[in-house]
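Numbers here simply count residues along the sequence, with the first being 1. Just so you know, ligand 1 is whichever comes first in the structure, and atom 1 is the first atom listed for that ligand.
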Amino acid sequence: MKNLLIKQIIDAMKNKSKYPDYMWATLKWPEITERLKIVDTAILPCGAIEQHGPHLPLDVDYFDANYMAIKVAEACNDPKPFVLPPIPYGVSYHHSEFRGTISITNNALSAFVYDIGMSMAHNGIKKLVILNGHGDNEPTLNYAAQMINRDAKIFVSVDTGETSDIDLYNLIDTKNDVHAGEIETSTTLALRPELVDMSKAVDETLDLDNEYLDFTSVRGVNWYVHTKSLSKTGIMGNATLGTAAKGEKMWEIMIRKMADFVETIKNTPFEKLFQNRY
Ligand SMILES: [Zn+2]
């Protein structure tokens, strides 16, 4: 009898670490009903399945957004924000000249995210943090975020790395390192080295030589281009400089900064987030 009780306690503890109570999809409806009384914040990871050069897997943006959302929630204080199931696909038409890329339209993605956001609001979520792993999803996610805010009047934000971009650029030596280069090679080496083929990593550093077209310039404008016009391999940056050690440092910074942001939003009363104040 006593042994049975101990076994039940151990099983419950194992389940708690295997299925943490902030993972939306593995909760039961009565559990989520209770938890929604104490947590009003949810993170929605958005990724892409698209070419990442000849040396990285197609799922970098999807895997990384999901990994980061879970780590960010883990780093937050209790009660932790909910983590929603990730959206795997994104707007990747510009990589379509490279096989493996799966692209959905801006309309499809924005409608999908809008529906999820409205459903979140219906469930009682008041603060939705869209954690975006793919830069070119950004205009579409912002469009959806505005429509969710317009119709549901909840707080919605989109983050594509701005909370730590500046810190990452300080860590690397490559200019315009925007895709499958020093940053993404490092972050993937840190988490899944078995999926990285460094023998295929090359340097395709972009020399845009124009402060307005430069992707990482503070004076840069938003402009759109098919990757094939800029890069033979699909890499935009210098993949040969990627290391696991740099990647670990990057993850540490990205998770800390984003957790700090989410924690701030979570702890700020909804009325103080400038919603419904008129
Ligand atoms: Zn990527």
Side-chain angles (χ1 to χ4, degrees), residues 44-72 86-104 106 109 130-141 158-165 167-169 171-172 174-193 195-198 200-206 215-216 220 222 224-244 246-248 250-251 253-255 258:
L44 173 64
C46 292
I49 301 293
E50 62 179 30
Q51 73 84 14
H52 271 76
H55 68 304
L56 292 178
L58 300 165
D59 73 348
V60 168
D61 296 346
Y62 164 63
F63 180 91
D64 287 3
N66 191 39
Y67 172 82
M68 184 149 152
I70 294 168
K71 287 289 164 189
V72 164
I87 301 176
Y89 304 113
V91 177
S92 301
Y93 74 89
H94 50 293
H95 291 300
S96 58
E97 285 79 11
F98 298 89
R99 287 288 170 261
T101 300
I102 301 173
S103 183
I104 60 172
N106 306 65
L109 181 63
I130 300 176
L131 197 163
N132 178 27
H134 171 50
D136 287 275
N137 282 344
E138 199 169 15
T140 305
L141 295 176
V158 180
D159 186 85
T160 314
E162 285 77 5
T163 50
S164 48
D165 265 358
D167 308 281
L168 298 202
Y169 290 132
L171 279 182
I172 62 167
T174 317
K175 243 184 104 197
N176 269 310
D177 193 82
V178 285
H179 187 74
E182 188 174 353
I183 293 176
E184 285 187 314
T185 303
S186 299
T187 49
T188 307
L189 278 172
L191 298 184
R192 301 184 296 167
L195 285 178
V196 183
D197 183 354
M198 283 308 278
K200 303 256 168 59
V202 296
D203 177 8
E204 280 216 51
T205 303
L206 303 176
F215 292 118
T216 51
N222 291 323
Y224 303 96
V225 62
H226 284 246
T227 306
K228 195 76 183 169
S229 321
L230 292 171
S231 164
K232 273 206 304 283
T233 60
I235 293 169
M236 292 187 274
N238 187 353
T240 66
L241 296 180
T243 69
K246 281 181 203 168
E248 276 158 29
M250 287 168 191
W251 279 117
I253 294 170
M254 291 192 290
I255 292 163
M258 190 66 189

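For H179 and H95, the distance between ring centers is under 6.0 angstrom.
Side chains of T101 and E50: no donor on one and acceptor on the other come within 3.5 Å. Judged purely by distance below 3.5 Å, without hydrogens or angles, the side chains of T140 and N106 pair a donor atom with an acceptor atom.
The pair K246-E182 meets the salt-bridge criterion, with a side-chain N (NZ, NE, NH1 or NH2) lying under 4.0 Å from an Asp/Glu carboxylate O. The pair D59-R192 meets the salt-bridge criterion, since a charged nitrogen lies less than 4.0 angstrom from a carboxylate oxygen.
Under the ring-ring contact (aromatic ring centres under 6.0 Å, His included) criterion, H94 pairs with H134, not counting sequence neighbours.
Near-neighbour remark for the Zn ion (ligand 1): protein N, O or S atoms under 2.8 Å are H52 NE2, D61 OD1, E184 OE2; waters not counted.
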